[in-house]
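Working notes, beginning with the structure itself.
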Amino acid sequence: MNTRLQAIVRRRAALVREIALQRDRSAALLAQLRTQLALAGVALVAGRLLRRSRWARLLALGSAVAGGLLPLAARWLAARR
């Protein structure tokens, strides 16, 4: 009888550990999902803004060009020194 009770206690402890691990995995996945949903929301708002405003499109294009040219300009200036 005592052996069966100890087996039940060990199995219960193992199940509690498994549940805790699964809860941690679920929390990590939920945090990742929330981050992805937030980024998708920002992208949606930015997309709508870019469709409606000519100035926003020009600003986005200019910043993309500047972002692409800045590393090249830094290399070019470093090579000249």
Side-chain angles (χ1 to χ4, degrees):
M1 174 86 168
N2 200 11
T3 307
R4 287 178 56 193
L5 186 59
Q6 288 175 349
I8 292 171
V9 168
R10 282 194 302 271
R11 180 63 183 148
R12 182 180 183 277
L15 287 173
V16 167
R17 284 191 300 272
E18 289 177 23
I19 290 169
L21 285 173
Q22 187 61 37
R23 187 179 299 134
D24 291 342
R25 287 186 199 126
S26 296
L29 287 174
L30 184 61
Q32 188 178 29
L33 179 63
R34 284 181 179 158
T35 302
Q36 290 175 356
L37 284 173
L39 289 175
V42 169
L44 180 66
V45 169
R48 286 186 179 182
L49 179 65
L50 288 176
R51 272 188 267 141
R52 291 182 183 170
S53 172
R54 180 176 177 242
W55 290 105
R57 283 193 301 264
L58 291 174
L59 183 62
L61 179 63
S63 63
V65 169
L69 290 179
L70 283 176
L72 295 174
R75 287 184 196 160
W76 182 70
L77 287 174
R80 290 189 68 195
R81 287 185 180 179

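FYI, side chains are in, hydrogens and waters are out, and symmetry mates aren't considered; it's all heavy atoms of this structure. Since the structure is predicted, the reported quantities are computational estimates derived from the model, not experimental observations.
No single ILVMFWY cluster, assembled from side-chain heavy atoms under 4.5 Å apart, contains both Leu44 and Leu37.
Atom CD of Gln36 sits about 9.5 Å away from atom CG of Leu29, to the nearest 0.5 Å. Between the CZ atom in Arg17 and the CZ atom in Arg12 there is a gap of 11.5 Å [rounded to 0.5 Å]. Distance CZ/Arg10 to CG/Leu15: 13.0 Å, rounded to 0.5 Å.
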Side-chain polar contacts of residues 19-28 - donor-acceptor pairs under 3.5 angstrom, sequence neighbours left out - could you list them?
| from | atom 1 | to | atom 2 | distance (Å) |
| --- | --- | --- | --- | --- |
| Gln22 | OE1 | Arg25 | NH1 | 3.4 |
| Ser26 | OG | Gln22 | O | 3.0 |

Inset, instruction - Decide yes or no on side chain to side chain contact (heavy atoms under 4.5 Å, CB included) for Val42 and Val45, but give the supporting numbers first. - result: CA-CA 5 Å; Val42 169; Val45 169; 5.9 Å; no
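Shortest non-hydrogen contact noted between Pro71 and Gly68 is CD-O, 3.6 Å.
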